[in-house]
Amino acid sequence: MLQKLHQPLRGEIEIPGDKSISHRAVMFGSLAKGTTEITNFLQGADCLSTISCFEKMGIAIENKNNTVTVHGKGLHGLLPPSEILDCGNSGTTLRLMSGILSGQGFSSVVTGDSSIQKRPMKRIMEPLQNMGASITSMKGNNCAPLQIRGCQLHGFHYHSPIASAQVKSALLLAGLYAEGCTSVTEPYISRNHSELMLRSFGADLTTQHTTVTIQPNPLLTGQKIQVPGDISSAAYFIAAALLVPGSQVLLKNVGINPTRDGILQVALKMGANITLQNERYQNGEKTADLLVSYSELKGTTIEGEIIPTLIDEIPIIAIMAAMAQGTTIIRDASELRVKESDRIQLITENLAAMGAKIEATDDGMIIEGGYPLQGAVISTHKDHRIAMSFTIASLLAKGETTIVDRDCVAISFPDFYEKLASLSE
Ligand code: S3P
């Protein structure tokens with residue numbers, strides 16, 4: 001049962017490390033020669049799954065006080081795992097690692113929890129097979145568990161039908177082991193953390209519009225990586241401060257890479273009062289502190305190329321839309337149906353249970369804002385982003401809200417509830 005918070009949120013918090021960047025730092029550090037030191041590493045369950053998989057392939061990794069040290073053994077240093085590689089709930093671990101495993105000299109099996117075993121893997125299997133990989137769905141349903149037999153790969157140019165950083169990154173990582181160069185063209189630019197970080201490790205990688213090309217067999221060298229705070233985690237506090245009257249919060253150290261900052265663009269368009277302070281770059285990633293103040297929001301339309309830059313924030317944007325005046329239309333976001341849960345369905349069901357006017361569409365939703373919310377029982381299907389979004393909704397609702405399986409926030413934000421409580425003391 002959540003305590004309903006009426007009082008304004010005030011104060012400042014540090015945002016925990018970026019999930020996408022934390023995964024990549026462990027993976028690329030494992031494939032580099034020498035030591036990679038990662039500070040502000042996200043201690044979420046997903047990133048711990050990545051550490052555990054690379055440990056099973058013989059990489060020594062220390063994890064103390066939010067700093068992770070990876071003792072990389074070079075591109076060809078991974079050992080055959082003696083067990084199945086368990087990615088837990090993490091699609092990023094499973095898809096990116098499949099790219100790496102396709103180019104090894106050994107066989108492996110990758111899988112994860114019941115949610116990930118339902119998520120589509122054809123999107124990486126097909127293009128990897130085109131590069132010569134032997135990768136099969138063991139249940140024949142194009143989902144994990146996947147059996148991957150290491151093969152000699154050859155580069156090719158993949159035109160991806162979807163803007164997906166997981167697909168793009170899986171192919172770029174396979175491209176490290178291929179003969180010839182590998183290119184990926186996407187319909188819109190997806191998050192570019194792999195490109196920025198691989199380049200800093202020494203990879204030869206070029207970007208032109210929505211095409212990225214990587215050359216094989218680089219010498220990757222261990223790096224010091226400072227992980228910026230995750231804008232996807234900051235999003236819950238951005239929304240809370242915008243929506244709870246009288247609030248003002250300072251969110252420190254938030255990554256604002258332009259391929260991830262769609263939530264800021266949309267919030268500003270909806271009338272949000274957000275100012276950026278202390279803008280700087282860390283390992284090529286733009287970072288800032290965000291001062292967010294209560295604002296009266298208005299509805300908007302969200303579609304097209306901005307969608308990949310805010311795809312994980314749509315659950316919390318839907319809550320903002322429900323509290324805004326006017327109509328919000330979200331289109332071109334059918335990817336939401338194949339995330340940790342079918343997020344279009346869960347957002348719609350839960351917001352409707354709270355009294356919002358919302359209609360699901362095939363690729364998004366239409367929300368008529370301004371109807372008062374009331375407490376409800378929220379089903380999460382153990383989807384961390386649904387649990388956090390509806391916790392913020394509960395602050396704005398009359399009566400009690402129960403978030404089923406609320407502990408699933410540990411996937412990406414283990415101390416989410418503590419941080420939220422600290423702003424209302
Ligand atoms: C991620 C890419 C996105 C995002 C996911 C993390 C990444 O997925 O939704 O949470 O780290 O590359 P897609 O590539 O499937 O869009």
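As the structure lists them, so they are numbered: ligands from 1, and atoms in each ligand from 1. None of the values given here were measured: they were computed from a predicted structure.
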Check: Side chain or backbone of Arg24 under 4.0 Å from ligand 1, or both, or neither, by non-hydrogen atoms?
Finding: side chain
Checklist line | Heavy-atom side-chain proximity of Ser232 to Lys19 below 4.5 angstrom | finding: no
Checklist line | Basic-acidic side-chain contact under 4.0 Å: Asp342, Arg337 | finding: yes
Next item on the list: Around atom 11 (O) of ligand 1, find the nearest protein heavy atom and jot down its residue, atom name and distance.
Entry: Ser20 OG, 2.7 Å
Checklist line | Closest protein heavy atom (residue, atom, distance) for atom 14 (O) of ligand 1 | finding: Ser164 OG, 2.7 Å
Checklist line | Atoms in ligand 1 flagged as close to Ala165, the criterion being non-hydrogen separation under 4.0 Å | finding: 12 (O), 14 (O)
Notebook entry, point to check: Within the distance-only criterion (no hydrogens, no angle test), does the side chain of Thr210 pair as donor or acceptor with the backbone N or O of Tyr188 below 3.5 angstrom?
Noted result: no
Margin query: Checking the N or O distance criterion of under 3.5 Å, is ligand 1 in contact with Glu335?
Written below: no
Checklist line | Polar proximity ligand 1 side, Arg385 side, N/O cut 3.5 Å exclusive | finding: no
Next item on the list: Considering the heavy atoms of Thr92, write down every atom of ligand 1 situated less than 4.0 Å from one of them.
Entry: 1 (C), 6 (C), 7 (C), 11 (O)
Next item on the list: Mark the output for Lys339 as yes if a heavy-atom distance to ligand 1 is under 4.0 Å, and as no if none is.
Entry: yes
Item checked: Salt-bridge criterion met for Arg280 and Asp289 (N-O under 4.0 Å) -> yes
Margin query: I'd like to check which ligand 1 atoms, numbered from 1 as shown, lie under 4.0 Å from a non-hydrogen atom of Asp312.
Written below: 4 (C), 5 (C), 9 (O), 10 (O)
Next item on the list: Could you find the nearest protein heavy atom to atom 1 (C) of ligand 1 and give me its residue, atom name and distance?
Entry: Gln166 NE2, 3.6 Å
Checklist line | Evaluation steps, side chain to side chain donor-acceptor pair (under 3.5 Å), between Lys269 and Thr300 | finding: CA-CA 7 Å; Lys269 211 167 127 204; Thr300 187; 3.2 Å; yes
Margin query: Closer than 4.0 angstrom, basic N to acidic O: yes or no for Asp312 and Arg260?
Written below: no
Next item on the list: Measure from the side-chain N and O atoms of Asn40 to the backbone N and O of Val227, and report whether any donor-acceptor pair falls under 3.5 Å.
Entry: yes
Checklist line | Per-atom contacts of ligand 1 with Ile311, taking only distances under 4.0 Å to non-hydrogen atoms | finding: 9 (O)
Next item on the list: Could you see which bit of His23 sits under 4.0 Å from ligand 1, with heavy atoms only: side chain, backbone, both or neither?
Entry: neither
Note to self: Using 30° and 60° as the class boundaries, would you call the ring planes of Phe416 and Phe413 parallel, tilted or perpendicular?
What the structure shows: perpendicular
